[in-house]
Amino acid sequence: MPSRCEMFCEILIAILLPPLGVCLRHGCCTVEFWLCVLLTILGYLPGIIYALYAIVFIDRDEFFDEYRRPLYASY
């Protein structure tokens, strides 16, 4: 769980440049990042809305536990 200062900085970056904020939280080769890039290209406001949603509400650690790990991930 990120601290309040980290969350504030990520939200501020997501408002200024939405894909960068999502990249910092989820990585550059994820579905969330590319969806945010697409939405930002289609319109700046949808990109911001999705970036804020992806930063605040989507918790990727929940999806990468021992039992629900994707098939392509090799640990």
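We number each residue from 1, following the sequence as shown. Only a predicted model underlies this, so the values are computations on that prediction, with no experimental measurement involved. As a basis for the values below, the full set of heavy atoms in this structure was taken, side chains included, without hydrogen atoms, waters or symmetry mates.
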Quick one: [atom1] on [X] to [atom2] on [Y], what's the gap to the nearest 0.5 Å?
{"X": "I11", "Y": "I48", "atom1": "CD1", "atom2": "CD1", "result": "12.5 Å"}
{"X": "Y44", "Y": "T40", "atom1": "OH", "atom2": "OG1", "result": "8.0 Å"}
{"X": "C28", "Y": "W34", "atom1": "SG", "atom2": "CH2", "result": "8.0 Å"}

Any side-chain heavy-atom pair of [X] and [Y] under 4.5 Å:
{"X": "R25", "Y": "E6", "answer": "no"}
{"X": "V37", "Y": "F33", "answer": "yes"}
{"X": "Y50", "Y": "P18", "answer": "no"}
{"X": "I55", "Y": "H26", "answer": "no"}

> How about F8: does its CZ atom have over 12 heavy atoms from other parts shown lying under 6.0 Å from it?
Replying inline: no

Tell me whether [Y] is reachable from [X] by hopping between hydrophobic residues (I, L, V, M, F, W, Y) whose side-chain heavy atoms are closer than 4.5 Å.
{"X": "L52", "Y": "L12", "answer": "no"}
{"X": "M7", "Y": "Y53", "answer": "yes"}
{"X": "L24", "Y": "L16", "answer": "no"}
{"X": "I15", "Y": "L39", "answer": "yes"}

> So which heavy atom on P19 is nearest to which on C36, and how close?
Replying inline: N-SG, 3.7 Å

> Closest heavy-atom contact between V22 and A54?
Replying inline: CG2-CB, 4.2 Å

